[in-house]
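Structure record follows, encoded as structure tokens.
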Amino acid sequence: MSDKKMISIDQFSVDERLAVEQTYKGLAEKYRQRTGKEPDSKKEKEFNSEARQMVMASKLEKEKAKA
């Protein structure tokens, strides 16, 4: 089990929220292609969390590059 906390969607701008949604859809599609079945609610939550973490990591990298 992962002990990572869910990042609040409120921390993202509109563009970043779209990036989270696109990343989530990509992860879910990759899962469908790999397993041949739809992700259950537990997997959906996991993908959503992973997508938020990926977008937050890129956001922090961009902010660090500006500084």
Side-chain angles (χ1 to χ4, degrees):
M1 287 292 283
S2 176
D3 61 345
K4 296 178 183 175
K5 292 188 176 187
M6 178 74 87
I7 298 171
S8 173
I9 197 69
D10 296 336
Q11 295 179 352
F12 298 109
S13 68
V14 175
D15 291 337
E16 292 165 343
R17 289 179 190 197
L18 290 173
V20 168
E21 184 66 26
Q22 290 172 342
T23 305
Y24 167 79
K25 287 180 181 178
L27 291 169
E29 184 59 34
K30 193 182 294 185
Y31 177 82
R32 283 186 204 101
Q33 290 175 356
R34 193 174 59 237
T35 63
K37 56 185 175 181
E38 291 294 314
D40 59 2
S41 62
K42 185 176 179 181
K43 277 290 185 190
E44 287 177 353
K45 186 175 180 180
E46 183 181 316
F47 293 153
N48 195 355
S49 177
E50 188 174 339
R52 289 180 186 191
Q53 289 172 359
M54 292 168 68
V55 172
M56 182 59 80
S58 79
K59 176 182 176 180
L60 292 175
E61 284 179 22
K62 288 177 187 175
E63 288 176 0
K64 205 180 273 187
K66 284 182 182 179

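Numbering starts at 1 and runs along the sequence shown.
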Q | Smallest separation among heavy atoms of Glu44 and Pro39, with atom names | A | OE2-O, 3.7 Å
All N/O donor-acceptor pairs, side-chain side in residues 59-67, below 3.5 Å, sequence neighbours left out:
unit_1: Lys59; atom_1: NZ; unit_2: Gln11; atom_2: O; d: 2.7

Q: Using modelled atom types only, decide if a donor and an acceptor are shared between the side chain of Ser58 and the backbone of Val55 within a distance under 3.5 Å.
A: yes
Q: Give, for atom CG of Leu27 and atom CZ of Arg32, the distance between the pair rounded to the nearest 0.5 Å.
A: 10.5 Å
**Q.** Residues that, via side-chain heavy atoms closer than 4.5 angstrom, fall in one hydrophobic cluster with Val14
**A.** none
**Q.** Option among Glu46, Lys37, Glu38 that satisfies the side chain to side chain contact (heavy atoms under 4.5 Å, CB included) test with Tyr31
**A.** Lys37
Q. With a 4.5 Å limit on heavy-atom distance, are the side chains of Lys43 and Asp40 in contact?
A. yes
Enumerate, atom names and distances included, each donor-acceptor pair closer than 3.5 Å involving a side-chain atom of residues 15-24, sequence neighbours excluded.
unit_1: Glu16; atom_1: OE1; unit_2: Ser13; atom_2: N; d: 2.8
unit_1: Glu16; atom_1: OE1; unit_2: Ser13; atom_2: OG; d: 3.4
unit_1: Arg17; atom_1: NE; unit_2: Ile9; atom_2: O; d: 3.4
unit_1: Arg17; atom_1: NE; unit_2: Phe12; atom_2: O; d: 3.2
unit_1: Arg17; atom_1: NH2; unit_2: Ile9; atom_2: O; d: 3.4
unit_1: Thr23; atom_1: OG1; unit_2: Ala19; atom_2: O; d: 2.7

